[in-house]
Amino acid sequence: MAASKSFLDSLKKPEPTSFKMTDFRRELHLRHKRDEHAKKERMKALQESKLISKYAITIDTSRARSNCDVLRMCVKELGFKEYPFGRKDNCCDVHWHACHFEDNPEVYGGKVNKFPGMGEICSKMTLFRCLDIMRDLFPTDYDFYPRTWYLPAQFHEFSCEIRKMHERRVKPKPTFIVKPDTGAQGDGIYLLREPNEYSSFNGKCHVAQEYMSNVYLIDKFKFDFRIYVLLKSLEPLEFYICQEGLARFSTLPYENPTNKNIHESFMHLTNYSLNKRSSTFNRSDRDDEGSKRTLTSVLRRIAMNGHDSNKVWKSIERIVCKTIVAIVPEMKVEYQAAVPPGKTGPSCFQVLGFDILLLHNLKPILLEINASPSLSLDSEQEVSPGVFEYVISPKDEEVKYPLIRDTLLHVVPIDKLKYFRKRKKRRLLKKLKASSSQKMKRPEPLVKQRTSIVIIKADESDEEKREVNVTQQMSEMHMDIDSSASHGESTARDANSDDERESNLKSDTELDEEVDNYFETKLRESCLKQLYPAIYDEECERYRILERVAGLFIYFLGIRGSLRIGPTGFRTFARKCRLNRKGMTNASVDIMYIDLQRRWDHMNPERTSGSGIKSIGKKGNGGSIVSNTGLCYQGFLDACIEIARRKFYAPSKIEMLENLVDHCELSLNLKDNDLANNLPRLHFRRLGLQYRQGSLYAMPRRIMEQMTEETTIEDLLKAHEKKLRQPSKEDIESFLRRSRRTIYQPSSTAAVLSAHRSPDSE
C-alpha cells in the first residue's frame, strides 16, 4: 500500500520551486500575498477602532498618496489616531487626500483638505482673470504680476502688442513666456519672441506673459520662492502664511534671453521637478548651498548683501492677501455648487503653494498658485550611474513637517483638542510629580573618609611598618582650625540639603504653571502666522466688494447647485433689482446676456456650454448633476460692471460698482433680525463705522428716506421699532380726531379744476 502511494506521488507534477518572469502564476502569487497583507491590516485597523475613545482625534490617510510620510510622522508625534484604510462606521475628523474634492463623494462630514473647484480656480487663465478684474478696479494695488494674454482667444491683441513693441524698438528685445492653462511641474512651458512661434496643441488654452528678465540673482543663478499658505475657512475668511518655505534655483548660470539660449529650460525655469533631471543639480545639505534651499537662508543672504529682507517679506504677505481676496468670490460660487445651503457636507481647508519671483529691485512678482503643492519628503539621489534611490531630504523635512503639524492643530475640532490637551497635561503632571518624588527619595552617596595610612620607609623591614593615625595627628596640630572648618562645612551641608528638599517638593500650582508654559511655548513656536483677519483686516476690507457681487450671483441662480445663471435668472436679477427704473429695458437686458454668454464661451473653449453637463460628485452618492449652459460668474461680473458704467456713473470704476451693488441690495429689501448690519456701505462710511462685509441686506426705503447727516443708528432703530409697535387705543383715537379735523370739503372752483385735471397729474 505504501509502495503504491509513493508510486502515485511520483506521477504528480512537481511544484515549481521558482517562477519565471513570464509565468502568470508569479503575478497571482504576489497578488494573493498583497491581498492577505491588506486583509490583515484592515482587521488590525478594525480591531483598534473598537477601542478608540470618542474624544480621540481621527485622521483619514487612505488617499494621501505621496503625503503619507510626513502626515504619519505628524500624527504619531501629536498622538492622533490614523485610519490608513478609511473609516466606514463614522467620518474622521480630518480627511487628508491628495485628489480633488470632486473625487471624494463618500465624505459626508469632518474636514477635507481640498476646496471644491480649487484646481480650476488656480489654473492660469482663471487666476489671472480674477487678478485682471481687480487690477481694473484697483490699478495701483494689483501691479504684482506680469501682463497676461489668454490664447488663442486674445491672439490678435497679443500679436498687435508685439508689433507695437518692435515698432518702438524696445531694448532689450521683449520676450514672452507661454504656459498651458492646466499644466504643472514645468511641462509645456516655453519662451518666444514672435507671435508666429506660438503653437496650440490639440486646441488647448494657454496664457502668454511678459518674461521678467531683470531678476535678482544669487551666485549667478535665478531662483524663486515657494510660499506655503493655509486657507482655513471661507466663512469667516481666515488664512495663515508659513514663515518657512523653499527657494528653488535653476541649474545653469542665468543670462538674459537671446536667440541662442532661449530654449535653455535649466536656465530660465526654476521648477524643481524639471531641474532635478539636470546633471548640474546640486544636492547639498547645507542651508546656504544647493539647488534647493530654505527661505530663511536666502532672506539672510539678501540681508547680508545690504538689503532690507523684512520689507521683502512684508511685500510677499501683502501679495498673498490680495491674491486670496481676489479668488474668494470664485471659491464661494464653487462651494455653494458642491455643498448647497441646507445640505450636510464637510467643511474645507487647503494648503496652497505661491510661487514668487524677485526682480532686481527686490520687488516680488507672483508667478502662479499651485493648488496641490508637493508635500513629499523624498528626493532622488544617484547611488551609481543611472541608478537612483529615494532618500529623505533634510530641507524638505525642515519646512514641510512643521507646516503639516501646525495645520492639523489648526483644523482639528476645538472641543477634542481641548480634551486632548487636558489629557496630555495630566500625563505630563504625572511625569513631573514622579520625577520630583524620585529626586526627593534619592539617598545621598556615602563617602568613606580615610582615617589612617600606612607609612613605609625604604630602610625598614616589614616588621617595622607602622600605621599612623593621620586624623589624630592633624587634630592635635591644628585643633582650632579644623574644629571651626568642620563646623562650617556641616552647617552648610545641612542648609544645602534642606534647600534641595524644598526645591524638589514643588506644589501642584507650580507644576500647573510649568505645564501651561510648556503648551504656550508650543503655540508660540508655530510656523503659521495669521494674516487675515489678524493683521491685514482693515487694509484688505475695501478689496472685498466682489464678494457682494458673488452673493448676488448665488442669490439669482435658477438651479440649486448650479455654476451658471440662465436667461431667466438674469431677467429676474434685472427686475428684482429695479434696473428698469434706471432705463434698462427687457430687450437691452436680453441682448447683454446673449452678448456676454457668447463672449465667455469663446474665451473658455474648454469649458464652453457645448460640454453640456458637469457632474459634481456621484449622483448615486449624494452628488449632483449640474448644467453647464448659461453665464458664468465672471461673465455676470462683466455685466454688473457694464451696467454700473451706463447707469451709475461715478469718477472711478470701484465707486460705480459700489453704487450698483448698494442699489441692488436696497431693492432686494431682504429681512434680517439685526438691522444695524443692513445699513448700506456708504452710510456706514459717513457715520465713521466699520462695514460688516458679506451682507446682502438693505433697510426699508421708508427708513432710508429719514437718513440725514445727523442721523445715528440708534435713532433709526428707535424709529423702526416705533413703526413696528402695535398702535394703542389712544393712538387710534388721536388719529381719528386729526382725520376729522382735516376733512376736505371742495368748493365750486376746486370742482371745476378737478374736472379739467389731466390723467398724467394723477
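All values reported here derive from a predicted model rather than from experimental measurement. We count residues from 1, following the sequence as given. Atom set for the values below is all heavy atoms of this structure, side chains included, hydrogens, waters and symmetry mates excluded.
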Quick one: pull up [atom1] in [X] and [atom2] in [Y] and give me the separation to the nearest 0.5 Å.
X	Y	atom1	atom2	answer
L657	R645	CG	CZ	13.5 Å
L230	Q530	CG	CD	10.0 Å
Q634	D638	CD	CG	8.0 Å
L151	D181	CG	CG	11.0 Å
K582	R646	NZ	CZ	15.5 Å
S562	I554	OG	CD1	11.0 Å

Quick check: are there more than 12 heavy atoms from other residues, nucleotides or ligands sitting under 6.0 Å from [atom1] of [X]?
X	atom1	value
K653	NZ	no
K576	NZ	no
D103	CG	yes
H100	NE2	no

*Between D60 and K111, does at least one N-O distance fall below 4.0 Å, as a salt bridge requires?*
no
_NZ/NE/NH1/NH2 to OD/OE distance under 4.0 Å, E658 and R548_ = no
*Y543/Y142 aromatic ring centres below 6.0 Å*: yes
_Are F354 and Y228 an aromatic pair, judged by ring center distance below 6.0 Å?_
no
_Please verify the inter-ring angle class for F636 with F553; under 30° counts as parallel, over 60° as perpendicular, anything in between as tilted._
tilted
*Do the ring planes of H663 and F648 sit parallel (below 30°), tilted (30 to 60°) or perpendicular (above 60°)?*
tilted
*asked:* Under a plain distance cut-off of 3.5 Å, with no hydrogens placed, do E317 and Y536 share a side-chain donor-acceptor pair?
replied: yes
*When you check the side-chain N and O atoms of K114 and S372, is any donor under 3.5 Å from an acceptor?*
yes
*asked:* Once salt bridge (charged side-chain N to carboxylate O under 4.0 Å, His left out) is applied, do any residues pair with R135, and if so which ones, sequence neighbours excluded?
replied: none
*Could you tell me which residues satisfy salt bridge (charged side-chain N to carboxylate O under 4.0 Å, His left out) with D132, sequence neighbours excluded, listed by chain and number?*
none
_Distance to the ring centre below 6.0 angstrom and angle to the axis at most 45 degrees; does that hold for R571 and Y593?_
no
